[in-house]
Amino acid sequence: MPFEPVILFFILGLFAGVVRSDLKIPGVLYESLSIFLLLAIGLKGGVELARYALADLVGPALIVVLVATLIPLVAFPILHRLGGFARADAASIAAHYGSVSVVTFAVAASFLARIGEPAEGYMVVFLVLLEFPALLIGVILARRTVGKTKWGPLLHEVFSGKSIVLLIGGLLIGWVTGAEGIKPLDQLFFALFKGMLAFFLLEMGLVAASRMADLRRAGPFLLGFATLMPLSAGLLGILTANLLDLSVGGAVLLATLYASASYIAAPAAMRIAVPEANPALSIGAALGITFPFNLLIGIPAYHWLAIRLKGVI
Amino acid sequence: MPFEPVILFFILGLFAGVVRSDLKIPGVLYESLSIFLLLAIGLKGGVELARYALADLVGPALIVVLVATLIPLVAFPILHRLGGFARADAASIAAHYGSVSVVTFAVAASFLARIGEPAEGYMVVFLVLLEFPALLIGVILARRTVGKTKWGPLLHEVFSGKSIVLLIGGLLIGWVTGAEGIKPLDQLFFALFKGMLAFFLLEMGLVAASRMADLRRAGPFLLGFATLMPLSAGLLGILTANLLDLSVGGAVLLATLYASASYIAAPAAMRIAVPEANPALSIGAALGITFPFNLLIGIPAYHWLAIRLKGVI
Amino acid sequence: MPFEPVILFFILGLFAGVVRSDLKIPGVLYESLSIFLLLAIGLKGGVELARYALADLVGPALIVVLVATLIPLVAFPILHRLGGFARADAASIAAHYGSVSVVTFAVAASFLARIGEPAEGYMVVFLVLLEFPALLIGVILARRTVGKTKWGPLLHEVFSGKSIVLLIGGLLIGWVTGAEGIKPLDQLFFALFKGMLAFFLLEMGLVAASRMADLRRAGPFLLGFATLMPLSAGLLGILTANLLDLSVGGAVLLATLYASASYIAAPAAMRIAVPEANPALSIGAALGITFPFNLLIGIPAYHWLAIRLKGVI
Amino acid sequence: MNAQLSLRKLLTIVCEADLETLVVRDLKALGARGYTITDARGDGTHGARDAAWPASANIRIEVLCTEQTANDIVEHLKNRYYANYGMVTFLLDVQVLRPDKF
Amino acid sequence: MNAQLSLRKLLTIVCEADLETLVVRDLKALGARGYTITDARGDGTHGARDAAWPASANIRIEVLCTEQTANDIVEHLKNRYYANYGMVTFLLDVQVLRPDKF
Amino acid sequence: MNAQLSLRKLLTIVCEADLETLVVRDLKALGARGYTITDARGDGTHGARDAAWPASANIRIEVLCTEQTANDIVEHLKNRYYANYGMVTFLLDVQVLRPDKF
Ligand SMILES: Nc1ncnc2c1ncn2[C@@H]1O[C@H](COP(=O)(O)O)[C@@H](O)[C@H]1O
Ligand SMILES: Nc1ncnc2c1ncn2[C@@H]1O[C@H](COP(=O)(O)O)[C@@H](O)[C@H]1O
Ligand SMILES: Nc1ncnc2c1ncn2[C@@H]1O[C@H](COP(=O)(O)O)[C@@H](O)[C@H]1O
Ligand code: NA
Ligand code: NA
Ligand code: NA
């Protein structure tokens, strides 16, 4: 089997969307599943984190975050200058790609688990840390001046956003409780995780199908961007991982974080902070192209690369 | 215990409905559970299917489907001529009884599992195949002429209907993935299956209770039909199973498929394709009478019959 | 770990509510989870119940219910005379505290399970029996005269209320089916119970946060009542448990039942039966103060007390 | 105005979800021949109602009816519920086909 | 009346949820430039529809449009659906900004 | 018209669900004393919004208020949101009890 089985659910959803099946997954189920996934990923990360000395993570975390800021900063001029996108659109798309997709991360983690490739348990911390800096950068890029923006509401929006609250909340609960204490919750949050992910991917397939239509209007430049950007960012992730001496599994996860584009936190934040940006472009690219691209091609490719590049840098 | 425990949840729902309890199960939960059940049944069937040579199933499948067309073709004149129902109503009810109830099938399968009666793993394929031919027959019966109907939209409605998409999608995923590959999903789709079925039956009980009121107006003929029809169709199923040399368990499942009346795919399809038909009649009979009848009496009866008739034909 | 891990989810929800996070748990998920919890608690109780002779429980049950009527009867004059609350408000609050909180009971049970303190399996029967008498007492206290009230609709409201139907329904199903028969449902109703409870508590935290604002207007008397009342009622529960010669675990559960205030059955029933009562007061106290108080302080305190008072009376 | 259309009243009631059973019973008793309900949340004199749990959910009920029935219902709601419950009602004229249906 | 505002028709349709795809297609074909749908339940001549499962759910569709389009839609709905489906429609005048949008 | 009833404006806003917090804050700031929200989906110039996930969900907000407040809100919404967001508003006259409440 070349594919993670969960990806087949995504393809089923995509198919149902494309043939205009009357299969509709209630919006409430989408929200419930996304709460579940965020919480479960946080909990799992927190339990793993208990095995590490937090102080040892500060340095790597700083490097991971700093390197990641390159992504929106490079994506923006490509989109604005080369692609001819309006400033707001280029900034918003850059923010989406600078931030991360929690579900893509989860699929990569389960890809690694299936092939038995271990990874550092603290990668979830990077997931949390990478979620928001790009959003702030995106707003600055869009506004041109830092002064004009009302940062208060935006910072509140970002830090009290549901994905941050659930991920960090889960991390802390997992960390405080530890592997033993969390056992009674294992059945829901860990044993069911992959099934719930499959269910969610079915839903994402349906949503992605409806987003692909948006993209037809967007032109080939964005299509190219939405596949080359993750590949380059993934490569950057692998090199950064090598710099930090992470395992192959860790490199794949970091590559996936860098390569993935957010569609939970970013769309809501950008919609409010950069109203002039057309969400059809950013969401269309992130969800209609990059998300399936990472699932089907990106993750195995990053694994292939991570093995070959092991030790480089 | 004479009953499958899951049936007690149906009775609880029925009771809550009858005493007008304020217990209401959100419509969204109904939809989520039905998506889960359809997908899980498909997956399970797909995994089992991997053990058979598909070519060997073509013959039996053809026979099973052909014999099944007798059900609407016999039910229609009974309802129209004998019962005095309008053409559209008779055709729509016939279509409901010719199609199948996925949940009744699931209860029969869990009845067999409980008493340790094995059955052929590919019965789910028959479930999928039996879902739609009766719907097409129903439309033809209602229209009298094949010419007038716009078949395009109807065929689209039937084949892109959510139950077909999820059942076939699940079948394919299960088949491609196989028992080993699907393991990480077992906890959600298989271990929880029976609990989810119980929950869904609670809900069906509430819905059935509200449908029984509809039936008071329908008169005794429909009541008789809604109990004698499944018995006869069940017998037909057992004989067909014997013809195909199925096991006792397989005979019970085929009997249940023949005997059960659809209330997921059929109501939606008939509502659009045969607008003149009164849904209170078809749904009232299928859900208010035949569904509980099969759960409480039919399934054990088909088992009793299948044992006694083993080898006949 | 001093805390039950599930309590951390409540705190996370509380925190998200207080910082005005955009984390919103869909109302439908709240309802689905509450149906699940009620049913699961009933089922578990029913299975345990099968081990006891019902006749032996009649006496203790009578005592437990009779002593419990003291709670609203004492709470009412305290609130009305001392606290200066209007008759209707005092009666409604008294009814909330006289009835029980199913979720608090579940947390206490999982607290006991974690520390390995066994308890009588039939406590769920007391939970069911304690749910409604206080509601009737509350209505009488509010109306002053028994005559004026239309008891028919109220009794219907109480006895066909969803919590009673699901708890008693679950009890009966569990009792009829027994530990063996219910096994296939264990995975959903028992293995997932604690995870679902955690999820529900997250939601309760969000709701409680919004209720705390209500309380600011209510003044310090109600705050004092909402902490001293559960402590006193908890003590009463322990003494009653001693009278009945229950185990320490049983005493903790009875204390928790007495100490907890209802926010599923009571709010709906009181809203209809005592319209003049301001729900912000009763729900604010029950959910905003007493619920977190019992989770964080009450349950461990009742345990501490139950050990110390073992044998007293 | 289209000649087929007649004037009727549309009465809209926004109230606490707990009242659904009672209000629906009243509507029928006062002559309404049908109604439509949607789930809602909101804010008003009784404070924010965010529909996060049953006790804070609202419903929005619409009734198409004659002016007489509308007035009867408004009168009844005012006497029976206004003092103690979160409830808002408003009335307007709408054009309907099949006026005898309402 | 605010000088920026113009009059348009608001057409509201309450019908069985199963009809959503068909009715939406019809609306577009008859010139509606947009619509808004909410999920609903209700009661009427076709009996109680409590939205407990798909077969008993309703939807409530609103269309802002010109009087001409509104009349065309009402006419079409009447001919196509009234005989066999649970459906209620009503029309009223509303004030909108950007009249050319509708 | 029933003598107890007075005229007020009903302002209805259909917009992207993401705007809920912002718009509600604006409504309060501009003098609305209450509002009612239902979840919705729809179609319009900004394309189909099917509510399958948060980014494609709409809400439908109703505000009963004085004509002055209604005009202020419409003016504000137009300036603040119309250029960049999917949003539709319409106004009509309705009869209410307790006019001072709105
Ligand atoms: N001015 C208003 N405009 C629209 N809806 C309102 C208004 N005031 C109150 N409501 C609705 O009616 C419910 C009860 O209102 P109240 O009795 O004022 O708390 C609120 O939760 C809102 O949903
Ligand atoms: N008088 C009415 N007022 C408001 N809604 C109605 C009315 N009559 C019917 N409806 C709605 O329209 C749907 C179909 O109506 P009917 O065709 O009368 O069964 C009902 O389920 C209600 O949601
Ligand atoms: N003509 C219309 N009638 C009713 N609702 C509309 C109409 N146009 C737009 N809407 C609603 O307003 C939302 C935003 O509209 P728009 O800005 O045109 O995309 C849509 O998603 C619809 O829910
Ligand atoms: Na990224
Ligand atoms: Na059948
Ligand atoms: Na109590």
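In what follows, chains are A, B, ... by sequence order, proteins preceding strands, each numbered from 1.
The shortest distance between side-chain heavy atoms of A:Leu172 and C:Leu8 does not fall below 4.5 Å. Contact of the C:Val6 side chain with the A:Leu185 side chain is registered, since non-hydrogen atoms from C-beta on lie closer than 4.5 Å.
Of the atoms belonging to A:Phe159, not a single heavy atom falls under 4.5 Å from chain C. Neither the backbone nor the side chain of A:Ile182 comes within contact range of chain C, judged by heavy atoms closer than 4.5 Å. Both the backbone and the side chain of C:Ala191 come within contact range of chain A, with heavy atoms under 4.5 Å apart. Neither the backbone nor the side chain of A:Leu38 comes within contact range of chain C; no heavy atoms are under 4.5 Å apart. If you measure heavy-atom distances from C:Leu197 to chain A, you find no contacts under 4.5 Å at all.
Between C:Leu12 and A:Val165, the shortest heavy-atom distance links the atoms CD1-O, 3.9 Å. For C:Pro5 against A:Thr177, the heavy-atom pair with the smallest separation is CB-CG2, 3.7 Å. Shown here for C:Leu192 and A:Leu192, the closest heavy-atom pair between the two residues is CD1-CD1, 3.7 Å. The two residues C:Phe199 and A:Ser32 make their nearest non-hydrogen contact at CZ-O, 4.2 Å.
With values rounded to the nearest 0.5 angstrom, C:Met196 atom CE is found 5.5 Å from A:Leu188 atom CG.
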In sequence, state the C-alpha distance, the side-chain angles, and the governing distance for C:Phe9 and A:Leu39, and then conclude on side-chain contact (heavy atoms from CB on, under 4.5 Å).
CA-CA 10 Å; C:Phe9 289 79; A:Leu39 207 48; 4.0 Å; yes

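The interface of residues 14-28 of chain C with chain A, defined by heavy-atom distances below 4.5 Å, comprises C:Ala16, C:Val19, C:Arg20, C:Ser21, C:Asp22, C:Leu23, C:Lys24, C:Ile25, C:Pro26, C:Val28.
Options A:Glu31, A:His156, A:Lys183 differ in how many heavy-atom pairs under 4.5 Å they form with chain C, and the most are formed by A:His156.
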